[in-house]
*Asks:* 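Sharing a structure here in structure tokens format.
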Amino acid sequence: MRQYAKPTLPPLPVEPDGLAPPSARLQHQGQSQALTASRWPARLDLLQGISGLALALFLVAHMAFVASILVSEEMFYRVARFFEGEWLFGTPHPWLVSLVAAGVTGLLIVHAWLALRKFPASYRQHSAFAAHRRRLRHVDTSLWWLQVVSGFILFFLTTIHLYDMLSQPALIGPYESADRVWSGRMWPIYLALLFTAEVHGGIGLYRLALKWGWFVGDAPNRGRLRLRRVRHVFTAFFVTLGLVTLLAYADLGRNHAAHAGERYQPPPSAEPARS
Amino acid sequence: MEIIHSDVLVIGGGLAGLRAALAARKRGREVIVLSLVPPKRSHSAAAQGGMQASLANAARGAGDNEDVHFEDTVRGSDWGCDQEVARLFAHVAPKAVRELAAWGVPWNRVEAGARTAIVDGKPVVIEEPAAAHGLITARDFGGTRQWRTCYVADGTGHAMLYTVSDQSIAAGIPVHERREAVALIHDGERCHGAIVRDLTNGRLCAYVARATCIASGGFGRLYQVTTNAVINEGIGAAIALDTGVVPLANMEAVQFHPTAIFPAGILVTEGCRGDGGLLRDVDGHRFMPDYEPEKKELASRDVVSRRMEAHIRAGKGVAHPYGEHLWLDITLLGAAHIERKLREVKEISQYFLGIDPAKQWIPVRPAQHYSMGGIRTDAHGAARGLKGLFACGEAACWDLHGFNRLGGNSVAETVVSGMIVGEAIADFCATPAGELTVSTALIRRCFERAQAEFAGIAESRGKENAALLLREMQATMTARVGIVRHGDTLHTAVDALQGLLRRSLDLGLRSSRPGANPELTQAWRLRKMLKLALCVAWGALQRTESRGAHYREDFPRRNDADWLKRTLATWPDPELTLPALAYEALDVTRMELPPGWRGYGARDAIEHPLTTARQAEVDAIRARLAGADRHTVQDALLPFRDLLPPHLRGANARLGDPA
Amino acid sequence: MIPLLRHSARPSRPRRLTLQILRYNPATPEIAPYLQDFAIDESDGMTLFIALNEIRASQDPSLQFDFVCRAGICGSCAMLVDGRPALACRTLTRDCGPRIVLAPLPFFELIGDLSVNTGKWMRGTAERLQTWIAQTQPVDLDALEARMEPALAEAIYELDRCIECGCCIAACGTAQMREDFVGAVGLNKIARFRLDPRDTRSDADFYELIGDDNGVFGCMSLLGCHDFCPKQLPLQTQIAFLRRKMAVEGWR
């Protein structure tokens, strides 16, 4: 009869192929060890999402405010004064607008800086991704690229606009803004800004939902299709609203061109506080 | 010449090889595994339906134990198996399942309460006991008295292979992928490793080891229509045969699986029938009950395959441009069951047939599936003929399966034999005989011989095309050494194969791609495969009886009187075109279950002269020990525990056990 | 099987297919990669497995490619079919145009022609992410197995169905740019083991493995992995789930 040695587990040697000793790897498991991995990747990832979400929400709100011109010139005037804190201090304080503009600029820089981490960092990466995108012919992959491109463009366009708001915060009003659009020749910038911002924001919100698994439901494929439809509606709605609004400003600016630089004066009835 | 040393060299990275490697590794041995492909791509992953182990958790498995599993296995083998090995196996299988459960295999579990299952074509309500809730469940499979087949949907082999492979990675076992053992290093008495070819660049090197274990799987690719992966060419067995001293046993015992999709030959699991699927003919008639009133679709595979072929011959096949087939109907199981438990079947039907099996019948016809034969080993996996050589899994003839393997017993065999053989290898390495005493001259001689063999083929400018010869061989095997055999056709097959072997000496390569040339690889393998094919065909011709999967029209009865023995094929002279056959008798006087009727299939065996006496003896022992517990009775009939390492000897716990 | 298909009578005239295959042999680096055309008659139910073997048998015996199971379960034969990752063995030619472009999977080490070394990368990933249940004590082989809820076992299997074919990596825009990215295959494995009660690692342990830009935070949710997974694994939801868990872990 055979004699069996009791199975034992002597220490395992280091592998010749340069792998870490398995015993060390085994020890790793089953117990929480000292935390070594940086927590920053998680925080930065969250920040990227939060900054994007904040910018997208700002974009939506911003569109609502500027679109108030469609109601009436006076409506827009009131909205502008509102943001200058007139309701709080009694008199408008345009520096509040500068403050918001500065805040948005800061958010934009943070968001762009965080997003830059994911951009192709070299020609090799760039061409690898470009080739991949062409080969794959895949919607979500192409959407990301569209986001990269639109984000890149946005960074410059928004900077121009934000500098305006920072440096001339008082010049927000029906005539002031319309003059900027028409006589100030800003409409091409705003037109480009409208499309890129809405496309970028729409895709961004859509991808944010997918990334964190929000509003997807139990069936991921159907959830994604639903989100895509929502995105299309979102983009179409805001692009249309933006176009109409821009047209309204352009029209107002064209009619006001002869008096460019003249500030809007609300009808007296609207100014009871200042009389 | 590069030489790589280790304690243990395992040839083959499937379930059996990896499990043996793990066992040896856990005993502190340095192990290297060679694999033709990344190990998780091994053919073990293709096992779908499950693994047999007598856990007896499921309601329909109640009362199951090692004894029932043992008897099912022996009957399934048509008494061709080694009963001692079948005992080892039935005893260790529950341990293997439980070990795998602890390692992470997501076995399907018992859900307490009533559920509806399809049994014999009708819905039946099964009440699963609350006590078993959350334990490993089982499904029905062919040739078993209880529902014993543990499963992970229909990806059992995949889940097992991934788990065992991950454990081998955790244990730091290096797997040298895309490397093929092309010759054993031996001196006629002791095996010292293997000469190995790197399939990515064609380079040869020597692996020297104290123990070598061949676990390279089966040789399904000798056949044209097979469920086997393209890597199942039997090269592991072939290099053992090439030594001239290591016998391959029962090579004629080749299993045909009843349900391979037609015409591609891709497997759909026996679980389809186990879960209630039916076989239908051209008229939509369920024909199996006509032939097998007892087990119907769930007779053993050899019986079902034979009945299917007979039914097709009787004109009941469905015509198709590529031949005839029958139908597998699983529509009655419902879409929900198919989605959860038969997903691979669903995917395969969708992708390869363009049908939804929940709505349409699957065209099937039997195809080569498994090789019961292989490198003859003892109960510890030590190969005959060379010390230091071991084998396990499908490559071996451990002889668990005899002449027909039960579904669910092969993945079970891989891990169980891996557990046992791996320990035996570690034991061997600990003995003086396990010391490495090889001379560099011997290594060089073997290396140069292999080198010359490849150079000879690469430079040959003969007129034969390896790919065409291979196809001829495969066509010959499927047509003439298939499910139904006859002396005349076997004769013509042997002649044809010998002719092919001679022609294979006159190969001409059409390409000279530097590095790893696939044509060179194929041409080299061709000769090995032809020799294996000749072992199968020649052994089948000599065996003038029908047993299990080996069915001779001209000798339709099982003949225990003359053929209760194992065929041993060796190839002593490389110049010859036929193997030398010898026979090893099975000892009826030591059988726990003497030969009898299987409970299905034909009932006309020619009895062995000692059967009656042994049966009387067994009956007497049982009568004497009436009232004793089953382990005591069993031990009196066929003691086997001493063959196991101590940690595998314990009794298996079951739910119903007295506390 | 192949000749069986080949010699059959066909009702209508077969299409003539052109397979355009990327050829490259690392043993002859002086020959730059090039596309080579092979013409072949389409047969009924022809897959790329059949077509490629036919080409190797009758036109170019040196053509390199990998097939093992040829049934869509082993993951060996992933390649770019008309630019998109797919399992060649179960790609029917009738679903393709008359001109089919085949290229090896990008990202992985090229062995030759259509053959890439996925195995080496997958093993490295398994070691890096420790994709196994650690054995802290020996298993009691004689005792009843630990119980598990049936639904949990099925949920684990759902994620365990990955075949490591590499399609998700080839379809991943991030992986094309950053070679240290673990990809969906790696993240799915972490999700699988995280779900498994037999794995005793905590989220803090998993954060060590995937809590950076080479892990879950590197994923840009392009979802090529999800859309090209031949096993239809729920990669989109699993990665999002892990991201939430790891973000919570990282915010601590």
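Chain naming here is simple, since letters A, B, ... match the order of the sequence lines and numbering starts at 1 in each.
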*Asks:* Excluding sequence neighbours, so at least two apart, what forms salt bridge (Lys or Arg N to Asp or Glu O under 4.0 Å) with C/D142?
*Replies:* B/K95
*Asks:* Indicate yes or no: does C/E158 engage B/R343 in a salt bridge with an N to O separation below 4.0 Å.
*Replies:* yes
*Asks:* More than 12 heavy atoms of other residues, nucleotides or ligands under 6.0 Å from CZ of B/R115: yes or no?
*Replies:* yes
*Asks:* Would you please name every residue forming a side-chain contact (heavy atoms from CB on, under 4.5 Å) with C/Q232, sequence neighbours left out?
*Replies:*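 Checked C/Q232 against side-chain contact (heavy atoms from CB on, under 4.5 Å); matches are B/E347, B/Y351.
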*Asks:* Measuring heavy-atom distances to chain B, does C/E164 have an atom under 4.5 Å in its side chain, in its backbone, in both, or in neither?
*Replies:* both
*Asks:* Ignoring hydrogens, what is the shortest heavy-atom contact between C/C165 and B/R41? Give both atom names and the distance.
*Replies:*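 Taking C/C165 first and B/R41 second, the nearest heavy atoms are CA-NH2, 4.1 Å.
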*Asks:* Where do C/R56 and B/E519 land on the salt bridge (Lys or Arg N to Asp or Glu O under 4.0 Å) test, with the steps shown first?
*Replies:* CA-CA 9 Å; C/R56 183 147 86 183; B/E519 189 184 20; over 6 Å; no
*Asks:* What part of C/L152 gets closer than 4.5 Å to chain B, counting heavy atoms only: side chain, backbone, both or neither?
*Replies:*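 Neither part.
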*Asks:* Can you tell which part of C/L144 gets under 4.5 Å to a heavy atom of chain B, answering side chain, backbone, both or neither?
*Replies:* both
*Asks:* Mind ranking C/Q64, C/R198, C/R192 by heavy-atom pairs under 4.5 Å with chain B and telling me who comes out on top?
*Replies:* C/R198
*Asks:* Of the backbone (N, CA, C, O) and the side chain (C-beta and beyond), which part of C/T47 lies under 4.5 Å from a heavy atom of chain B, both, or neither?
*Replies:*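 Only the side chain of C/T47 comes within 4.5 Å of chain B.
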*Asks:* Give, as side chain, backbone, both or neither, the part of C/N25 having an atom under 4.5 angstrom from any heavy atom of chain B.
*Replies:* both
*Asks:* Relative to chain C, which segment of B/A467 carries a heavy atom at a distance below 4.5 Å: side chain, backbone, both, or neither?
*Replies:*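 Answer is side chain: those atoms of B/A467 sit under 4.5 Å from chain C.
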*Asks:* Using non-hydrogen atoms only, which part of C/D95 is less than 4.5 Å away from chain B: side chain, backbone, both, or neither?
*Replies:*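 No part of C/D95 comes within 4.5 Å of chain B.
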*Asks:* Charged N to carboxylate O under 4.0 angstrom, C/D113 versus B/R513?
*Replies:* yes
*Asks:* Let me know if C/F65 has heavy atoms under 4.5 Å from chain B in its side chain, its backbone, both or neither.
*Replies:* neither
*Asks:* Which atoms of B/V110 are under 4.5 Å from chain C, going by heavy atoms: the side chain, the backbone, both sets, or neither?
*Replies:* backbone
*Asks:* Whether B/R109 and C/E149 form a salt bridge (side-chain N of Lys/Arg under 4.0 Å from carboxylate O of Asp/Glu) is what I want to check.
*Replies:* no
*Asks:* Check whether C/R123 reaches the backbone of B/P38 with its side chain - one donor and one acceptor, N or O, closer than 3.5 Å.
*Replies:* no
*Asks:* Could you tell me which of B/A101, B/A475, B/G515, B/P94 has the largest number of non-hydrogen atom pairs under 4.5 Å with chain C?
*Replies:*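 With the most close heavy-atom pairs to chain C, the winner is B/A101.
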*Asks:* Among B/H43, B/R654, B/R340, B/Q522, single out the residue with the greatest number of heavy-atom pairs under 4.5 Å to chain C.
*Replies:* B/R340
*Asks:* Closest heavy-atom contact between B/I266 and C/R70?
*Replies:*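 Taking every non-hydrogen atom into account, CD1-O, 3.5 Å.
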*Asks:* Looking at C/I156 and B/P106, what are the two nearest heavy atoms and their distance?
*Replies:* CG2-CB, 3.8 Å
*Asks:* For B/R203, does the CZ atom have more than 12 heavy-atom neighbours from other residues, nucleotides or ligands under 6.0 Å away?
*Replies:* no
*Asks:* Give a yes or no answer on whether the side chain of C/R147 reaches the backbone of B/H133 with a donor-acceptor pair at less than 3.5 Å.
*Replies:*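 The answer is yes, because a donor-acceptor pair under 3.5 Å joins these two groups.
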*Asks:* Can you tell me which portion of B/L648 sits under 4.5 Å from chain C's heavy atoms? Options are side chain, backbone, both or neither.
*Replies:*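 Only the side chain of B/L648 comes within 4.5 Å of chain C.
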*Asks:* So which atom in B/I136 and which in C/E145 form the shortest heavy-atom distance, rounded to 0.1 Å?
*Replies:* N-OE2, 2.9 Å
*Asks:* For C/A57, which atoms come within 4.5 Å of any heavy atom of chain B: side chain, backbone, both, or neither?
*Replies:*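 Answer is both: backbone and side chain atoms of C/A57 are under 4.5 Å from chain B.
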*Asks:* Given heavy-atom pairs under 4.5 angstrom as the criterion, report whether the side chain, backbone, both or neither of B/E344 touches chain C.
*Replies:*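 The answer is the side chain of B/E344.
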*Asks:* Measure across C/Y157 and B/V152 and return the closest heavy-atom pair with its distance rounded to 0.1 Å.
*Replies:* CD1-CG1, 3.2 Å
*Asks:* Which bit of C/S58 is near chain B, if near means a heavy-atom gap under 4.5 Å: side chain, backbone, both or neither?
*Replies:* backbone
*Asks:* Shortest non-hydrogen contact from C/T28 to B/P514?
*Replies:* CG2-CG, 3.4 Å
*Asks:* Measuring heavy-atom distances to chain B, does C/P230 have an atom under 4.5 Å in its side chain, in its backbone, in both, or in neither?
*Replies:* backbone
*Asks:* Which answer fits C/A71, side chain, backbone, both or neither, if we ask what part of it has an atom under 4.5 Å from a heavy atom of chain B?
*Replies:* both
*Asks:* With rounding to the nearest 0.5 angstrom, report the CG to OG distance, B/L509 to C/S62.
*Replies:* 10.5 Å
*Asks:* Please test B/R178 against C/S115 for side-chain contact (heavy atoms from CB on, under 4.5 Å), starting from the C-alpha separation and ending with a verdict.
*Replies:* CA-CA 11 Å; B/R178 295 173 189 270; C/S115 171; 3.6 Å; yes
*Asks:* In terms of heavy-atom proximity below 4.5 Å to chain C, should B/V37 be classed as side chain, backbone, both, or neither?
*Replies:*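 B/V37 touches chain C through side-chain heavy atoms alone.
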